[in-house]
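Here the structure is laid out as structure tokens; the discussion comes afterwards.
Residue numbers begin at 1 in each chain, while the letters A, B, ... track the order of the sequences.
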Number of protein chains: 2
Amino acid sequence: MAPGRPERRATLAVVAHEAGVSMATVSKVVNGRADVAPATRARIERLLVQHRYVPVGARRTTTSALVDVVFNALDSPWAIEILRGVTAALGEASTQAVVSSMPDPADIGWPRRLLLAGRNGLIVVTSDLTERHRTELATAGLPLVVIDPVDLPGADVASVGTTNWAGGLAATEHLISLGHRRIAAISGPPQLLCSRARLDGYRAAIDQHGIRVDQGLIRHGDFHHEGGFVQALSLLDCEEPPTAVFAGSDQQAFGVIEAARVRGLRVPQDLSVVGFDDLPVARWASPPLTTVRQPLADMGRMAARMVLRIAAGSRLDSNRVELATGLVVRESTAPPPRRSSPRRSPAGGQQPARGPQPSADTPKTPEQQAAAPGGPSSDAAGTTTPPMRGSA
Amino acid sequence: MAPGRPERRATLAVVAHEAGVSMATVSKVVNGRADVAPATRARIERLLVQHRYVPVGARRTTTSALVDVVFNALDSPWAIEILRGVTAALGEASTQAVVSSMPDPADIGWPRRLLLAGRNGLIVVTSDLTERHRTELATAGLPLVVIDPVDLPGADVASVGTTNWAGGLAATEHLISLGHRRIAAISGPPQLLCSRARLDGYRAAIDQHGIRVDQGLIRHGDFHHEGGFVQALSLLDCEEPPTAVFAGSDQQAFGVIEAARVRGLRVPQDLSVVGFDDLPVARWASPPLTTVRQPLADMGRMAARMVLRIAAGSRLDSNRVELATGLVVRESTAPPPRRSSPRRSPAGGQQPARGPQPSADTPKTPEQQAAAPGGPSSDAAGTTTPPMRGSA
DNA sequence: CAAGAGGTCGAAATGTTTTCGACACTCTCG
DNA sequence: CGAGAGTGTCGAAAACATTTCGACCTCTTG
């Protein structure tokens, strides 16, 4: 773009001449026809790439460019936030998003189809390509960006994440600073990079304050409601239950809150809960959820920009970008109850009516006042970490 | 497909001949070039459609067919539910979804671009096309299905909706049967078809039980949290506040619950709340939300199937399909408080600790037992209305 | 009314795809 | 072994599509 004269676009004829075949044969390679010998095909393909050949059909300006967006599962509000960012950023480049779920790893034809369909790029969200798929796409030069990679991606794969570790740290430190000492963690699936990072942040905070890390307080679920609910029930039922729970996602946090309710505990008076994500609903939970904000839409936006940049041929500043998380303090966290365990009214029992205690209505956190009338706009305040970009 | 010989695909030349212009001119129309007089362009376009002309460039893509899915806004969990159904159904026909937001009504070129991009269909969600866009797409024969149309669509537009009226009725009757008499409604924007239908269902129920419809208890917001929150605050602050609120969406219902909390009222003891949608989070709210279930994913699935059916050339059984809503009773509804108004602790005050009262833990609704361990799978029980299909 | 500007269109040049037949090779089967 | 059928690979030419550029027209403006 920047350098080099336009220099007469590559044409089938010159490629054919250099390859020592007819135009017809080159055309067949371009269009993926069968009747070309593998060796011939390979030779021609190399030349096509060298010459940056683009078929006229693909050159039509009228055909909108498309980027595939592949989700692991289309089953949480999480996905729509990402998608919003992606479509917004793509839209600025008159490109659109093709949404799909992760294909079966056994589906050998997928990369081929993707390429033949002439997609301009691929964004993969919280899931991983098989090695085979990845290399096939890479050799074909399809721009690829991974959001929240399952595992630490190779240095050659562009990816966008957030500072999960810092988020876990901030959340846990917040709980510690409120006076909590028995803090449980309900994390996501242990094989996910982000789960591990968040959990390590938790461990780091616990450790740093000289609290013993109790393995019994560390649980794993999927990132969904159910996992939080089930694990929380089990935690609350144990000998010496935690006074606070750091959940690996907002959805899990809701499950935890529900579990507390089922057990007759009040949040935050009897149990503090911190989530992770800051989905729009977090502000509207009862009580409004203290959580670690992930700029989901921004992640989508960033990923889309990166794909477009790669597609345009320019190099990325960094192959790995991490956006800042930030703690958003709302009302699901409070100091732990005074007496070591005034809890568990005889199963199914009523809430013990104790004397005057800070009602949920009392302004306590800095965020609360803003939250009541103003709402979400002021939510992002209180970030603990500055934006940071690291190189892989 | 079924009938007719392949009959020599349409070519630029024949269209040019019939239109009485040169191939060059037709090519320009196909590619959206500027230098074609409007009259000429229109004439040629009509012929192109008649001949089902597809440019070779577009023909090359033997791979994935695409359907555009246009959302009014990509900002609620609502959207992802719909999208999930759409992608699932499209996937079965190896078709993919291109997601975008509603284009600017002033964007004259949009239908053109859509057609030139060779899309196989269009699904529009909760929004309306301008008349101009619609007719342009219709004359080009692009398969179109509208989900939850803003207004009653013409008989020639296929659409998918739910039995909003029945849902509003069921929700309100549930509240009435619990003993409520002052029941407020916070509906969506009055210009939306679904808002009006839900509200009319509410009115019908109120009316049928000989209760006076109090206009002061009927409010409108957008379908989001904020609207529910603001309207609920205002309702709770009025002279004779309602004992129950029927919200036009789950998100609004969350806003209502939050408003109750801010005012020191308990749900459901002091205020019953019914939502609409049954988003996955509804089951995980505190308390779990009684709501009217809309089969969002099914709506998406149905719309996708209809688009594919139209694209395949077969006629639809009916141009208008309404899927059944069903009341899901959880724990945000209960009989109204005994004494006419034991409410409002002096602003900002603490919750009055009254004597033994049914704790949230006491099994009360049939759904609760199922909900605790089993969760969402059993949620759909209790539908009030059978599936129904009506013709426009 | 002349000069200029700008819109509309097609001839021809240019580029791409498809069809179809040539050729070479392999694999039967007699 | 050798004829014939089958198959894979490729190119010549035909068919198809797009772009360039100039002709022609109309409308404005001085």
Side-chain angles (χ1 to χ4, degrees), chain A residues 5-65 112-113 115-118 120 140, chain B residues 5-65 108-109 112-113 115-119 140:
Chain A
R5 292 288 77 216
E7 89 174 56
R8 202 86 193 107
R9 211 201 58 245
T11 160
L12 269 200
V14 320
V15 174
H17 182 254
E18 283 194 34
V21 298
S22 73
M23 269 170 54
T25 305
V26 180
S27 174
K28 285 172 187 170
V29 171
V30 170
N31 292 56
R33 291 302 154 99
D35 61 343
V36 179
T40 315
R41 179 187 300 275
R43 190 170 75 248
I44 294 176
E45 245 161 14
R46 209 172 321 118
L47 285 169
L48 284 173
V49 172
Q50 263 179 35
H51 287 263
R52 290 208 189 324
Y53 174 80
V54 233
V56 282
R59 269 181 307 227
R60 317 148 106 50
T61 50
T62 51
T63 298
S64 65
R112 256 213 88 55
R113 290 202 305 279
L115 293 168
L116 286 177
N120 300 66
Chain B
R5 291 289 75 215
E7 93 172 54
R8 205 85 191 109
R9 213 201 53 243
T11 160
L12 268 199
V14 321
V15 174
H17 181 255
E18 282 194 36
V21 299
S22 73
M23 267 170 57
T25 305
V26 180
S27 175
K28 284 172 189 170
V29 171
V30 171
N31 293 54
R33 291 302 152 99
D35 61 343
V36 179
T40 314
R41 178 186 301 271
R43 190 170 75 248
I44 294 177
E45 247 162 10
R46 209 171 321 117
L47 286 169
L48 285 173
V49 171
Q50 261 178 36
H51 287 264
R52 291 206 187 328
Y53 175 80
V54 231
V56 281
R59 263 183 311 223
R60 171 192 20 233
T61 308
T62 49
T63 41
S64 72
I108 293 301
R112 273 210 68 61
R113 290 200 306 278
L115 293 167
L116 288 176
R119 295 298 152 71

Legend entry - Interatomic distance, B:Ile44 CD1 vs D:dA17 P [rounded to whole Å]: 14 Å
Inset, instruction - May I ask you to say what A:Val36 touches in the nucleic acid, namely base, sugar-phosphate or nothing, with a heavy-atom cut-off under 4.0 Å? - result: sugar-phosphate
Inset, instruction - Among the candidates D:dT9, C:dT16, D:dT19, find the nucleotide nearest to the side-chain atoms of A:Leu12. - result: C:dT16
Legend entry - Minimum-distance nucleotide to B:Ala37 side chain [options: D:dA17, C:dT8, D:dT9]: C:dT8
Inset, instruction - For the side chain of A:Lys28, starting at C-beta, report the closest nucleotide among C:dA12, D:dG11, D:dA17. - result: D:dG11
Legend entry - Over all atoms of both residues, closest heavy-atom pair of A:Arg33 and A:Arg41: O-NH2, 2.6 Å
Inset, instruction - Would you indicate whether the side-chain heavy atoms of B:Val26 and B:Leu48 approach each other to under 4.5 Å? - result: yes
Legend entry - Rounded distance (Å) that lies between atom P of D:dC16 and atom CE of B:Met23: 9 Å
Legend entry - Most 5' of B:Pro38 and A:Asp35 on DNA chain C, judged by nearest nucleotide: B:Pro38
Inset, instruction - Establish, with yes or no, whether the OP1 or OP2 oxygen of C:dA11 is under 4.0 angstrom from a side-chain nitrogen or oxygen of B:Ser22. - result: no
Inset, instruction - Grab the CZ-C1' distance between A:Arg33 and C:dT18 for me, whole Å please. - result: 8 Å
Inset, instruction - List the atom of A:Ala19, the atom of A:Arg43, and the distance in Å for their closest heavy-atom pair. - result: O-NH2, 3.0 Å
Inset, instruction - Answer yes or no: does a side-chain N or O of B:Thr25 lie under 4.0 Å from OP1 or OP2 of C:dC9? - result: no
Inset, instruction - Look at B:Thr40 and C:dT8 and indicate whether a side-chain polar atom (N or O) is within less than 4.0 Å of OP1 or OP2. - result: no
Inset, instruction - Could you tell me whether the phosphate oxygens of D:dT19, OP1 or OP2, come under 4.0 Å of any side-chain nitrogen or oxygen in B:Ser27? - result: no
Inset, instruction - Using whole Å, report how far CG of B:Leu48 lies from P of D:dT18. - result: 11 Å
Inset, instruction - For residues A:Ser27 and A:Leu12, report the shortest heavy-atom separation together with the two atoms involved. - result: CB-CD1, 3.7 Å
